[in-house]
Amino acid sequence: MEELKNNIIEEIASVACIDASEVVLEMPKDTANGDFAFPCFRLSKTMRKAPVQIAEELKEKLIKIEGIEKIDSVNGYLNFFAKKEGMVKSVLLDVIQNKENYGKTNVGKGENVVVDYSSPNIAKPFHIGHLRSTVIGKALYNIYNHLGYNSVGVNHLGDWGTQFGKLIEGYKRWGTEYNIEENPIDELTKIYIRINAVCKEDETALDACRENFKKLEENDPYCVELWEKFRSLSLKEFDRIYKILGCTFDSLNGEAFYSDKMDEVTKLLEDSGKLVESKGARIIDLEAKKMPPCIVGKTNGSTTYATRDLAAIIYRARTYNFAKAVYLTSYEQILHFKQVFEVAKLLKLDPKYTDNLVHVPFGMVHLKTGKMSTREGNIVKLEDLINEAVAKVEAVIEAKNPDLEDKKETARKIGVGAIIFNDLKNARIKDEIFDLDEMLKFEGETGPYVQYTYVRTQSIIEKAGYVPNIEEIDFSKLEDKDSIEVIKNLAAFKDAVASAAKGNEPSVVARYVVTLAQSYSAFYNNNKIMNAEKTVKDARLVLTIAVGIVIKLALSILGIECPEKM
RNA sequence: GUGCUUGUAGCUCAGUUGGAUAGAGCAACGGCCUUCUAAGCCGUGGGUCGGGCGUUCGAAUCGCUCCAGGCACACCA
């Protein structure tokens with residue numbers, strides 16, 4: 001398909017005497033306008049002719065292009081009609097021969113991309129707000145891998161900061177009232193909410209919390225012991241959730257990991273001569289960049305989130321020699337990362353690192369009642385959501401396919417898939433209003449719909465009971481409109497992945513796989529496979545196999561599993 | 001107040017580097033299961049692309065401006 005496109009581009013370039021980079025081809029929405037189109041309008045200025053005339057002249061000169069059977073000139077457009085059989089053959093061979101490696105490239109040249117994602121706060125519930133960072137990050141991780149990068153997934157745990165001073169203070173005051181061994185996160189959350197309420201009323205309590213954190217930074221044994229306890233109990237719970245989501249990390253180095261790496265940051269910033277004192281705090285002034293100052297040292301001497309992020313940049317540059325480092329957080333932190341990335345330029349790192357720090361912000365999940373806040377206690381825990389989704393899927397299975405084997409496992413894959421897909425299908429910057437009913441719809445542009453389409457392909461392959469020899473397929477049997485639509489969508493996979501990486505936007509792949517599934521469903525409804533004449537049946541089977549491969553591949557890139565039956 | 005961001009069908013959203021008649025899903029209505037899984041398919045209705053001005057052969061897309069929502073803006077992360 002790319003080859004065909006390149007042929008056309010080269011021919012146009014040579015005939016029109018322009019550079020190939022100036023030839024931009026489109027894929028017309030309406031198939032009546034061909035498979036590729038070249039708008040001649042932009043040439044009209046330099047060539048001093050009407051677009052229609054240019055198109056006509058180019059058409060006359062373009063005598064023969066490999067793989068093209070017809071060229072039309074319509075209203076200033078040059079429309080190219082591909083030889084269907086060749087196009088069908090090249091696409092299907094590509095998919096069938098490469099299987100799950102279809103569309104893999106080596107543009108990443110094995111270089112490391114650090115993906116900083118998920119990053120929940122220790123001792124707080126893993127709620128539906130954390131889901132976005134986790135699923136978008138995981139998808140980007142897979143997307144970069146597919147493009148030949150080596151992704152490094154870092155869960156930058158929120159395991160440091162004043163919040164631990166608060167928890168320690170709360171535990172000191174009322175620790176015996178709560179059973180944190182039994183139900184760590186829920187109980188710690190109660191303590192957290194309670195101490196926050198106290199701090200709101202009582203400034204001295206807040207000071208005590210800050211003092212606790214300072215002690216923690218200074219390795220006070222009591223504080224460290226409590227911190228370790230909170231951390232390990234929380235991680236145990238997170239592990240359970242990551243397992244359900246099929247999520248793994250290459251590093252769990254959170255903020256605490258950098259607590260002993262701050263001095264170097266401070267030293268480097270001092271050396272830069274840009275570190276100044278202001279109102280008792282140590283800051284980098286960013287007025288020249290039209291930003292508020294970046295605070296790297298608090299009045300009481302302890303560090304900030306920014307300092308730890310700077311230490312992390314140094315550490316990751318040295319450890320991973322990254323080609324790119326992407327950070328997944330909600331858009332609340334846009335300014336923070338702008339500041340940190342600016343200050344990072346003062347750390348004397350090779351610019352190849354500091355020029356490739358990318359914050360990837362995403363929209364927030366709101367409840368109908370407003371913003372979620374652990375402090376206020378109005379959150380939806382992810383695990384509760386997953387349980388509801390799986391329960392609903394189980395009910396659907398019971399109604400539609402009660403004889404299904406492995407109902408529980410299938411329900412898990414579908415329920416979790418529905419939740420993940422729902423979070424990935426829209427542009428990441430969009431806010432989301434949490435609506436359980438909306439989330440648990442399994443019809444239309446949803447995860448279960450795509451999975452269902454995959455299951456249909458597998459069902460047909462199973463029923464056929466054989467795999468046709470690709471060498472013997474008569475690809476001319478797939479020249480009907482439905483088949484061609486599927487073929488074009490199969491070919492579009494590579495662009496979808498590339499464009500998702502370019503914009504750090506997994507929704508492109510999610511949209512893509514829906515489109516592929518839709519085109520196959522239409523094909524499936526309009527064309528009988530099993531009882532077609534043998535050569536037709538074989539050709540359609542190969543198409544079906546290819547669709548199965550690409551749907552499964554695309555979903556796996558999105559971090560979604562496919563049941564074989566449902 | 002400053003900066004960023006969002007605004008497209010009743011609802012949720014797509015819309016390639018500006019291109020041909022602005023597309024899906026949901027909801028509504030009407031069809032399609034004695035034949036490969038109806039979690040499906042086909043059809044109908046539904047649009048001042050927030051408003052205005054501008055650039056251009058051509059604007060949902062680019063620029064300016066206004067309106068509306070959201071977020072951030074010194075010791076939370």
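Order of the sequence lines fixes the chain letters, A, B, ..., with proteins taken first and strands second; residue numbering starts at 1 for each chain. Since the structure is predicted, the reported quantities are computational estimates derived from the model, not experimental observations.
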Query raised in the report: Starting at CD1 of A:Ile414 and ending at P of B:G40, how long is that distance when rounded to a whole Å?
Result: 12 Å

Query raised in the report: So, A:Thr134 side chain and A:Ser118 main chain: donor-acceptor pair closer than 3.5 Å or not?
Result: no

Query - Length of the line joining A:Asn526:CG and B:C42:P, which is rounded to integer Å - result: 7 Å

Query raised in the report: Ignoring hydrogens and angles, are the base of B:A20 and the side chain of A:Asn79 linked by a donor-acceptor pair under 3.5 Å?
Result: yes

Query raised in the report: Toward the 5' end of RNA chain B, which comes first, A:Pro39 or A:Glu564, by nearest nucleotide?
Result: A:Pro39

Requested in this report: Compare the minimum distances between each of B:A77, B:A20, B:A14 and the side chain of A:Lys29, then state the nucleotide with the smallest one.
Outcome: B:A20

Report summary line: Side-chain atoms of A:Ser278 come closest, of B:G70, B:C36, B:A74, to B:A74

**Report entry** OP1 or OP2 of B:U12 under 4.0 Å from side-chain N/O of A:Lys441
**Finding:** no

Query raised in the report: Do A:Ser521 side-chain and B:C41 base share a donor-acceptor contact under 3.5 Å?
Result: no

Query raised in the report: Given atom CD of A:Glu287 and atom C1' of B:U2, what is their separation to the nearest angstrom?
Result: 12 Å

Query raised in the report: A:Glu394 and salt bridge (charged side-chain N to carboxylate O under 4.0 Å, His left out): which partner among A:Lys408, A:Lys407, A:Lys413, A:Lys400?
Result: A:Lys408

Query raised in the report: Which listed nucleotide (B:G25, B:A20, B:C41) is nearest to the side chain of A:Ala522?
Result: B:C41

Query raised in the report: With a 4.0 Å cut-off, would you call A:Arg210 and A:Glu169 a salt bridge?
Result: no

Report task. Quick one: label A:Gly161 by what it contacts on the DNA or RNA (base, sugar-phosphate, nothing), any heavy atom closer than 4.0 Å. Result -> sugar-phosphate

Report summary line: Picking from B:C73, B:U5, B:A20, the nucleotide nearest the side-chain atoms of A:Asn33 would be B:A20

Requested in this report: Write down the distance between CG (A:Asn426) and C1' (B:U8), rounded to a whole number of angstrom.
Outcome: 14 Å

Query raised in the report: Which nucleotide, B:C26, B:A77, B:A72, lies nearest any side-chain atom of A:Glu443?
Result: B:C26

Requested in this report: Using the C1' atom as the reference point in each nucleotide, state the distance between B:A72 and B:C53 in Å, no decimals.
Outcome: 31 Å

Requested in this report: Kindly say if A:Thr162 contacts the phosphate of B:A77, meaning a side-chain N or O under 4.0 Å from OP1 or OP2.
Outcome: yes

Query raised in the report: How many Å lie between CG on A:Asp207 and P on B:C75, as a whole number?
Result: 13 Å

Requested in this report: Report yes if at least one side-chain N or O of A:Ser459 is closer than 4.0 Å to OP1 or OP2 of B:U37; otherwise report no.
Outcome: yes

Query - Options B:C36, B:A39, B:A74, nucleotide nearest the side-chain atoms of A:Tyr452 - result: B:A39

Report task. Determine the contact category for A:Gln333: base if any of its heavy atoms lies under 4.0 Å from a base atom, sugar-phosphate if only primed atoms, P, OP1 or OP2 are that close, otherwise nothing. Result -> base

Query raised in the report: For the base of B:A14, is there a side-chain donor-acceptor partner from A:Ser507 under 3.5 Å away?
Result: no

Requested in this report: Measure from the side-chain heavy atoms of A:Asn525 and tell me the nearest of B:C41, B:A24, B:A38.
Outcome: B:C41

Report task. Round to a whole Å and report the spacing from NZ of A:Lys528 to C1' of B:C36. Result -> 6 Å

Report task. Report which part of the nucleic acid A:Glu26 touches: base, sugar-phosphate, or nothing (heavy-atom distance under 4.0 Å, all strands). Result -> base

Query raised in the report: B:A20 and B:A60: how far apart are their P atoms, nearest whole angstrom?
Result: 10 Å

**Report entry** Residue A:Pro28, side-chain heavy atoms: nucleotide from B:A20, B:G25, B:C75 that is nearest
**Finding:** B:A20

In residues 534-543 of chain A, what donor-acceptor pairs under 3.5 Å come from side-chain atoms, sequence neighbours left out?
from, atom 1, to, atom 2, distance (Å)
A:Lys534, NZ, A:Asp538, OD1, 3.3
A:Lys534, NZ, A:Asp538, OD2, 2.7
A:Thr535, OG1, A:Glu533, OE1, 2.8
A:Thr535, OG1, A:Glu533, OE2, 3.0
A:Asp538, OD1, A:Tyr466, OH, 2.5
A:Arg540, NH1, A:Lys528, O, 2.6
A:Arg540, NH2, A:Asn527, OD1, 3.2

Query - Pairing of A:Asp35 and A:Lys488 as salt bridge, 4.0 angstrom limit - result: yes

Query raised in the report: A:Tyr305 side chain N/O closer than 4.0 Å to the phosphate oxygens (OP1, OP2) of B:A77?
Result: no

Report summary line: Scanning both residues in full, the closest heavy-atom pair of A:Leu555 with A:Gln451 reads CD1-CG, 4.0 Å

Query raised in the report: So, are A:Lys441 and A:Glu438 salt-bridged, with charged N and O less than 4.0 Å apart?
Result: yes

Requested in this report: Flag the pair A:Lys214 and A:Glu218 as a salt bridge only when some basic side-chain nitrogen lies within less than 4.0 angstrom of an acidic carboxylate oxygen.
Outcome: yes

Report task. Using the C1' atom on both, measure B:G3 against B:A39 and round to a whole Å. Result -> 46 Å

Report task. Check every strand shown and say whether A:Leu404 touches a base, only sugar-phosphate, or nothing at a heavy-atom separation below 4.0 Å. Result -> nothing

Report task. Please state whether the phosphate of B:C41, meaning OP1 or OP2, lies under 4.0 angstrom from any side-chain nitrogen or oxygen of A:Tyr449. Result -> yes

**Report entry** Length of the OH-P vector between A:Tyr454 and B:C36, whole Å
**Finding:** 21 Å

Report summary line: Among B:A77, B:U37, B:G7, the one nearest any side-chain atom of A:Lys430 is B:G7

Report summary line: Of the candidates B:A20, B:U35, B:G25, the side chain of A:Ala37 sits closest to B:A20

Query raised in the report: Which is true for A:Asp482 with a 4.0 Å heavy-atom rule: it touches a base, it touches only sugar-phosphate, or it touches nothing?
Result: nothing

Query raised in the report: Can A:Glu342 and A:Lys289 be counted as an ion pair, charged N to O under 4.0 angstrom?
Result: yes

Query - A:Lys298 or A:Lys400, whichever maps to the more 5' nucleotide of RNA chain B - result: A:Lys400

Report task. Establish, yes or no, whether the cationic atom of A:Lys392 lies under 6.0 Å from the six-membered ring centre of A:Phe442 and within 45° of the ring axis. Result -> yes

Query raised in the report: With a non-hydrogen cut-off below 4.0 angstrom, is A:Met291 in contact with a base, only sugar-phosphate, or nothing?
Result: nothing

Report summary line: From CG of A:Asp309 across to P of B:C76 the rounded distance in Å is 16 Å

Requested in this report: Examine B:U56: is either OP1 or OP2 under 4.0 Å from a nitrogen or oxygen in the side chain of A:Arg42? Give yes or no.
Outcome: no

**Report entry** Watson-Crick and G-U pairing of RNA chain B, under 3.5 Å, as dot-bracket with | and [ ]
**Finding:** (((((((..((((.....[...)))).(((((.......))))).....(((((..]....))))))))))))....

